[in-house]
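Worksheet for the structure shown next.
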Amino acid sequence: MSLLVDTLPFACGVVGLGVEVSWPAQTRPGDVLHVDGHVAAIERTGRSSGVVTMKSRTLNQRERQSKR
């Protein structure tokens with residue numbers, strides 16, 4: 001989670017409306033994690049507010065190698 005928050009340019013003004021998380025595989029000591037993410041949607045809700053929907057996927061070194 002800190003990988004995502006540390007890299008978001010707008011994280012200092014974020015209020016979390018909700019999150020969906022699934023853990024289909026275990027993370028083991030020594031795993032090297034890589035996060036692929038993108039902004040899926042932006043919805044303006046007011047003059048200076050809105051909702052940003054992000055999608056991300058975290059892969060370990062074995063999964064990342066098999067996706068190339």
Side-chain angles (χ1 to χ4, degrees):
M1 191 60 161
S2 68
L3 283 173
L4 293 173
V5 174
D6 290 346
T7 59
L8 293 176
F10 49 82
C12 60
V14 169
V15 174
L17 296 177
V19 66
E20 245 181 73
V21 178
S22 65
W23 301 104
Q26 297 177 356
T27 300
R28 302 199 181 276
D31 275 353
V32 177
L33 303 179
H34 174 83
V35 178
D36 288 320
H38 68 276
V39 174
I42 299 174
E43 178 186 346
R44 183 175 222 134
T45 59
R47 284 182 62 164
S48 61
S49 62
V51 174
V52 177
T53 302
M54 297 191 62
K55 303 261 182 180
S56 64
R57 184 171 182 198
T58 305
L59 304 171
N60 65 24
Q61 67 281 359
R62 292 174 303 283
E63 293 166 322
R64 188 166 184 215
Q65 288 169 358
S66 67
K67 301 289 182 205
R68 290 184 179 183

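Worth knowing before you read on, the calculation uses all heavy atoms, side chains too, and leaves out hydrogens, waters and symmetry mates. This structure is a prediction, so every number in the text was calculated from the model and none was measured.
Between the side chain of Asp31 and the main chain of Leu33, no donor-acceptor pair closer than 3.5 Å is present.
Taking OG of Ser56 as the reference point, atom NE2 of His38 lies at 9.5 Å (rounded to 0.5 Å). Put simply, CZ on Arg57 and NE2 on His34 are 10.5 Å apart, with the number rounded to the nearest 0.5 Å.
Nearest heavy atoms, Lys55 versus Ala40: CG-CB, 3.6 Å.
Under the 4.5 Å side-chain heavy-atom criterion for grouping Ile, Leu, Val, Met, Phe, Trp and Tyr, Val35 is not connected to Val32 through any hydrophobic cluster.
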